[in-house]
Amino acid sequence: MPLHIIGNPVSPYVRKVMAALIIKGINFEFDPIIPFFGNDEFERLSPLRRIPVLIDGETVVNDSTIICEYLDEAHGGPAMLPSGPAARARARWIEEYADSRIGEVIIWALFSERAIKPRVFGDKTDEGRVAQAVDHDLPAIMDWLETQAPDNAFLFGDTPMAADLAVESFFLNAAYSRWTPDPDRWPRATAWIARVTAHTACQQVREWADVMIRTPPAEQREALKQ
């Protein structure tokens with residue numbers, strides 16, 4: 001029986017988990033619910049009404065980081081965390097930095113302002129907030145990622161792990177928001193992100209995201225059948 005993911009692949013947190021499942025060779029299906037919405041049953045499964053939620057039989061797991069760690073502990077396939085305490089600590093910190101700081105800037109100051117507010121709510125973009133993100137916050141993020149990027153392959157070997165996926169996943173939302181990092185200014189970081197993006201698992205979840213971003217929420221479940 002396949003695992004079940006509640007969550008829309010437009011979300012970078014959902015894409016991280018989906019890519020991990022594909023890399024690990026675990027069958028899954030998903031319901032493209034919108035975060036913070038849903039019915040009472042969704043709130044029972046996700047008390048904060050956030051996505052993704054993983055359902056594995058009778059087990060319900062919330063939060064993308066916890067889900068990836070659960071998958072390592074409960075299922076086979078390539079690991080999402082490296083071995084050794086130092087490497088695991090570094091991996092967890094990079095993933096946390098991505099999920100918190102990169103998410104704060106790309107999702108809330110860029111994607112929400114340029115894509116969600118005008119398209120979904122008909123609100124005006126806060127250009128001051130966008131300018132702060134583009135001119136100051138994103139360059140600072142890229143400067144730090146440049147110091148962390150591996151010379152080749154991925155952070156901890158020849159297969160992307162959760163930390164790689166966590167960083168890479170946000171840059172599709174940045175692209176949806178008409179911003180991409182400059183490869184001349186940040187050559188190591190952009191090359192690393194591009195290598196993760198080129199992985200077949202990330203390509204698959206990006207295809208789903210592209211379908212969802214073009215489809216009104218009420219029509220998304222039907223679109224997945226096509």
Side-chain angles (χ1 to χ4, degrees), residues 5 9-26 28 52 64-65 67-69 71-72 75-84 86-107 110-111 134 137-213:
I5 293 289
V10 172
S11 162
Y13 303 99
V14 174
R15 288 198 303 278
K16 175 174 67 172
V17 168
M18 288 180 169
L21 286 161
I22 294 170
I23 289 169
K24 294 176 80 68
I26 301 171
F28 69 96
S64 63
T65 298
I67 291 171
C68 286
E69 293 187 2
L71 293 174
D72 267 359
H75 295 271
M80 287 294 108
L81 278 172
S83 60
R88 291 170 78 86
R90 179 173 180 244
R92 287 185 170 114
W93 164 238
I94 292 173
E95 184 177 4
E96 172 59 25
Y97 180 84
D99 287 353
S100 57
R101 180 55 177 162
I102 300 178
E104 175 187 24
V105 175
I106 289 182
I107 297 303
L110 192 64
F111 182 68
V134 170
D137 297 336
L138 284 167
I141 286 169
M142 294 304 304
D143 287 345
W144 188 77
L145 292 179
E146 188 74 3
T147 71
Q148 302 299 310
D151 291 327
N152 49 54
F154 309 107
L155 283 169
F156 302 100
D158 295 330
T159 302
M161 294 187 180
D164 300 281
L165 300 174
V167 171
E168 186 274 342
S169 64
F170 286 100
F171 288 89
L172 178 59
N173 294 80
Y176 287 151
S177 310
R178 307 186 302 282
W179 186 88
T180 55
D182 181 354
D184 293 326
R185 184 173 178 181
W186 301 290
R188 290 171 59 88
T190 54
W192 166 41
I193 293 165
R195 286 194 296 272
V196 183
T197 297
H199 192 278
T200 54
C202 294
Q203 287 295 302
Q204 177 62 71
V205 297
R206 280 181 168 230
E207 289 176 8
W208 288 330
D210 286 342
V211 172
M212 295 295 99
I213 199 74

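A quick note: this is a predicted structure, and the numbers were derived from the prediction, not measured. Scope of the values below: all heavy atoms of this structure, side chains included, with no hydrogens, waters or symmetry mates.
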- request: Anything under 30° is parallel, anything over 60° is perpendicular, the rest tilted; go ahead and classify Y97 against W144.
  value: tilted
Closest heavy-atom pair, P183 versus P181, reported as atoms and distance to 0.1 Å, is CD-O, 3.3 Å
Closest heavy-atom pair, L165 versus A20, reported as atoms and distance to 0.1 Å, is CD1-N, 3.8 Å
Rounded to the nearest 0.5 angstrom, the CG-CD1 distance for L172 and I106 is 10.0 Å
Residue pairs passing the salt bridge (charged side-chain N to carboxylate O under 4.0 Å, His left out) test with at least one member in residues 159-174, sequence neighbours excluded, are E168-R206
Looking only at heavy atoms, the pair that brings C68 and V17 closest together is SG-CG2, 4.4 Å
Rounded to the nearest 0.5 Å, the CD1 atom of I107 sits from the OG atom of S169 at a distance of 8.0 Å
To the nearest 0.5 Å, atom NE2 of H199 lies from atom CD1 of I22 at 9.5 Å
Sorted by chain and residue number, the side-chain hydrogen bond (donor to acceptor under 3.5 Å, both in side chains) partners of Q148 (sequence neighbours excluded) come out as R90
Sorted by chain and number, sequence neighbours left out, salt bridge (Lys or Arg N to Asp or Glu O under 4.0 Å) with E207 holds for none
Taken in chain and number order and not counting sequence neighbours, the residues that satisfy side chain to side chain contact (heavy atoms under 4.5 Å, CB included) with P78 are I23, T159
Across all chains, not counting sequence neighbours, the ring pair (Phe, Tyr, Trp, His ring centres under 6.0 Å) partners of Y13 are F170
Contacts satisfying ring pair (Phe, Tyr, Trp, His ring centres under 6.0 Å) that involve residues 171-193 (not counting sequence neighbours) are none
For R188, the salt bridge (Lys or Arg N to Asp or Glu O under 4.0 Å) test, sequence neighbours excluded, returns D151
In short, salt bridge (charged side-chain N to carboxylate O under 4.0 Å, His left out) pairs touching residues 94-105 with sequence neighbours left out are K16-E95, K16-D99, R101-E104, R101-D137
*Are V167 and L155 side-chain neighbours, meaning at least one heavy-atom pair lies under 4.5 Å?*
no
Check whether any side-chain heavy atom of R15 lies under 4.5 Å from a side-chain heavy atom of N173, and answer yes or no. yes
For R185, the side-chain hydrogen bond (donor to acceptor under 3.5 Å, both in side chains) test, sequence neighbours excluded, returns none
In terms of heavy-atom contacts, S177 and L110 come closest through CB-CG, 3.6 Å
Across all chains, not counting sequence neighbours, the side chain to side chain contact (heavy atoms under 4.5 Å, CB included) partners of R88 are L81, P82, R92
Checklist entry - Does atom CG of D182 have more than 12 heavy-atom neighbours from other groups under 6.0 Å away? => result yes
Should M18 and F28 count as side-chain neighbours, where that means a heavy-atom distance under 4.5 Å? yes
CG of L145 to CD1 of I102, rounded to nearest 0.5 Å, is 4.5 Å
Interatomic distance, CD@E146 vs CD1@I141, rounded to 0.5 Å, equals 14.0 Å
Looking only at heavy atoms, the pair that brings P9 and M212 closest together is CG-CG, 3.7 Å
Is there a side-chain contact between T147 and D143 in this structure, where contact means two heavy atoms from C-beta onward sitting under 4.5 Å apart? no
Output for pair (M80 CE, I67 CD1), nearest 0.5 Å, gives 13.0 Å
